[in-house]
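Heads up, the thing below is written out as structure tokens.
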Amino acid sequence: MAFEITCSGNITTLSGLKNFDIESILECGQCFRWDKNNENDYTGIVKDKAVRIVQTKDAARFYGCTCSDFKEIWNDYFDMSTDYGAIISTLTTNDDVMKMAAEFAPGIRILRQPLFETLISFIISANNSIPNIRRVIARLSKMYGEKIDTEFGAFYKFPDPGVLGTADVSEIALSKAGFRSKYIKKTAKEFNENPVTTDQLKNLGYTGAKKELMKYPGVGAKVADCTLLFSGAYTNAFPVDVWVKKIMEELYLKKDTPLGAISDYASEKFGELGGYAQQYLFYYARSNT
DNA sequence: CCACAGGACGGCT
DNA sequence: AGCCGTCCTGTG
């Protein structure tokens, strides 16, 4: 690995980081459960592990994180084994648009998040705003997730499929998920009765995995692509939402290009790196338009 | 009061 | 197969 790890009890420090900017990573729309305490200072929970991360330049300190926690959870979650410098280098060759987008936020990384949490989170994201998505997920976790107390606050685990799958839709609706409440319940129920793993999705191939996810109620092409990308299953997944549609039409294509045509173009142009390209473009579009 | 937000669904043709 | 009205909730 290119960076160095120093462990001291409950604190793990990374130094010599490249292409790692905690704000870009946590606020580029791929995750919804991190809270900003200060500049470059975030707390969050993944599975049953809560952590506080404070970054200064090319170093990041993880509080509430032992060396084995980092190796078991966070190293994979933050995709630390991937060389983002090489990805940017490939994407920006002969492509001034990608050059501009990647230079805007070279510290973005694609998180490898738990599959069920990612699936439900992006069902909630349909026709919804990020602040509202965050509130709904926080309420569901508090209602149905196990409480985890730490030195830097209380956290709630993301609910298990069995719990969400057996809850009443009217009760789930108290989270303000609206018309998505019935999708949350049904998808959780189906997932619990027939669990799917990231490895199983990888064995299906991208197209097969996407079709499999689209069997769940509330999951269309965009939600399926987000789930495949942000759970670490397929880096070629290229979610096309209104922002990506807009900037792809503006910078590469022309107005009123159908969603499917944008997907095809991205697949042809970016290939296996489509997901990374999507994040640079998305973050650039959201921040500059 | 109305428009619209980081889509999916169902009922049309 | 493609088009289009509708859908909870929060914000402007």
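The structure displayed is predicted, hence computed values, not measured ones. A note on names: the letters A, B, ... follow the listed sequences, proteins ahead of strands, and every chain is numbered from 1. All values below come from the heavy atoms of this structure, side chains included, with hydrogens, waters and symmetry mates left out.
A ring pair (Phe, Tyr, Trp, His ring centres under 6.0 Å) check over residues 40-61 of chain A, counting only residues at least two apart or in different chains, returns nothing. Counting only residues at least two apart or in different chains, salt bridge (Lys or Arg N to Asp or Glu O under 4.0 Å) contacts with residues 49-64 of chain A comprise A/Asp41-A/Arg52, A/Lys49-A/Asp69. Residue pairs meeting the salt bridge (Lys or Arg N to Asp or Glu O under 4.0 Å) criterion with at least one partner in residues 205-226 of chain A, sequence neighbours excluded, are A/Lys210-A/Asp225, A/Glu212-A/Lys215. Screening residues 191-200 of chain A for salt bridge (Lys or Arg N to Asp or Glu O under 4.0 Å) gives A/Lys189-A/Glu193 as the qualifying pairs, with residues at least two apart or on separate chains. Sorted by first and then second residue, the side-chain hydrogen bond (donor to acceptor under 3.5 Å, both in side chains) pairs with a member in residues 235-246 of chain A read A/Lys245-A/Glu249; sequence neighbours excluded.
Of the residues in residues 185-193 of chain A, none has a non-hydrogen atom less than 4.0 angstrom from any atom of DNA chain C. Residues from residues 236-246 of chain A that place a heavy atom under 4.0 Å from any atom of DNA chain B, listed by number: A/Val242, A/Trp243.
To the nearest angstrom, P of B/dA5 lies 13 Å from NZ of A/Lys222. If you measure from atom CG of A/Leu119 to atom P of B/dG7, you get 17 Å, rounded to the nearest angstrom. For the pair A/Met214 CE and B/dG7 P, the interatomic distance rounds to 15 Å; values are reported in whole Å. The CD1 atom of A/Ile184 sits 16 Å away from the C1' atom of B/dC9 (whole-angstrom rounding). Between the CZ atom of A/Phe282 and the P atom of B/dA5 there is a distance of 13 Å, given to the nearest Å.
The pair A/Asp76-A/Lys71 does not count as a salt bridge, with every side-chain nitrogen at least 4.0 angstrom from each carboxylate oxygen. Ion pairing between A/Asp95 and A/Lys269 holds under the 4.0 Å rule for side-chain N and carboxylate O. In this structure, A/Asp48 does not pair ionically with A/Lys157, as no charged nitrogen and carboxylate oxygen lie closer than 4.0 Å.
Between A/Trp34 and A/Trp74, the two ring planes are perpendicular [angle over 60°; tilted spans 30° to 60°]. A perpendicular orientation is assigned to the rings of A/Phe70 and A/Phe3, their planes being inclined by more than 60° (bins at 30° and 60°).
Here the two rings, on A/Phe20 and A/Phe78, have centers that are under 6.0 Å apart.
Nucleic acid contact class of A/Gly220 (heavy atoms, under 4.0 Å, all strands): sugar-phosphate only. Nucleic acid contact for A/Val223: sugar-phosphate only, since backbone atoms but no base atoms lie under 4.0 Å from a heavy atom of the residue. Heavy atoms of A/Tyr183 sit under 4.0 angstrom from primed sugar atoms or phosphate atoms, though from no base atom.
Comparing the same atom, C1', in C/dG10 and in B/dC9 gives a spacing of 23 Å after rounding to whole Å. Taking atom P in both C/dC8 and B/dG11, one finds a spacing of 15 Å when rounded to whole Å.
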**Q.** Strand DNA chain C as a dot-bracket string - pairs counted if Watson-Crick or G-U with both distances under 3.5 Å, | where the partner lies in another strand
**A.** |||||||.||||
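Legend: residues meeting salt bridge (Lys or Arg N to Asp or Glu O under 4.0 Å) with A/Arg135, ordered by chain and number and at least two apart, are absent. Shown here are the ring-ring contact (aromatic ring centres under 6.0 Å, His included) partners of A/Tyr265, two or more places apart in sequence or in another chain: A/Tyr252.
Along DNA chain B, the nucleotide nearest to A/Pro217 and the one nearest to A/Ser125 differ in position, and the one closer to the 5' end is contacted by A/Ser125.
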May I have the list of side-chain donor-acceptor pairs in residues 116-123 of chain A shorter than 3.5 Å, sequence neighbours left out?
unit_1: A/Thr118; atom_1: OG1; unit_2: A/Pro114; atom_2: O; d: 2.6
unit_1: A/Ser121; atom_1: OG; unit_2: A/Glu117; atom_2: O; d: 2.7

Q: Heavy atoms under 4.0 Å is the rule here; annotate nucleotides 7-12 of chain C 5' to 3' with B where the base is hit, S where only the sugar-phosphate is, and - elsewhere.
A: SBSSS-
